**Student:** 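Pasting a structure here, questions to come.
No hydrogens, no waters, no symmetry mates; every other heavy atom, side chains included, goes into these values. For ligands, and for the atoms within them, numbers begin at 1 and follow the listed sequence. Remember, it's a predicted structure, so these values are computed and weren't measured experimentally.
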Amino acid sequence: MGRLFLLTLEGRIYSCKHCGTHLALSENIVSKSFHCRHGKAYLFSKIVNVTSGEVENRMMMTGLHTVADIFCVCCGSIIGWKYETAHEKNQKYKEGKSVLERFKISGPDGSHYWASHETHVAGSDADDV
Ligand SMILES: [Zn+2]
């Protein structure tokens, strides 16, 4: 593999739990009331150092969305998903934004979350109540 060029963030940083690559800043959090298959997830307006997988339509708690899974560019862990298109009018604010699964990332204070045993409907899903 070639050398990776990684962006370095400054501030209150969320990073990949596996390899420590910087992913997002707490000031870019849009909402903390999202869910993934394994518990809490946060919606960010901006993230860095990720690659995205194939775009697909996915039915979520709030309707049909066109999304792509996103991966840490350094270690390849799946860390969340990105909204390409929201098909419901009131979900349009999500377009271009990304969800990071909380248990896949470390918080600004080094905090870790673990996968919870609560289950949510229909695989990975988004919530914006
Ligand atoms: Zn990583």
**Student:** Measure from the Zn ion (ligand 1) to each N, O or S atom of H18 and report whether any distance is below 2.8 Å.
**Tutor:**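 Of the N, O and S atoms in H18, none lies under 2.8 Å from the Zn ion (ligand 1), which means no.
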**Student:** For atom NZ of K92, decide whether the heavy atoms of other residues, nucleotides or ligands shown that lie under 6.0 angstrom number more than 12.
**Tutor:**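 Enclosed: over 12 neighbouring heavy atoms sit under 6.0 Å from NZ of K92.
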**Student:** Compute whether any side-chain donor of one residue and acceptor of the other, for H65 and T85, lie under 3.5 angstrom apart.
**Tutor:**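 The criterion, which ignores hydrogens and geometry beyond distance, is not satisfied for T85 and H65.
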**Student:** Round to 10° and report the angle made at the Zn ion (ligand 1) by SG of C16 and SG of C75.
**Tutor:**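 The two atoms form an angle at the metal of about 100°.
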**Student:** Can you confirm whether the side chains of S77 and K17 place a donor and an acceptor under 3.5 Å from each other?
**Tutor:**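 Short answer, no.
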**Student:** Given the ring of Y83, does K94 sit roughly above its face, with NZ or CZ under 6.0 Å from the centre of the six-membered ring and within 45° of the axis?
**Tutor:**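 Yes; both conditions hold, so K94 lies above the ring face of Y83.
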**Student:** Between the Zn ion (ligand 1) and C19, is there an N, O or S atom separated by less than 2.8 Å?
**Tutor:**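 So C19 does bind the Zn ion (ligand 1) by this criterion.
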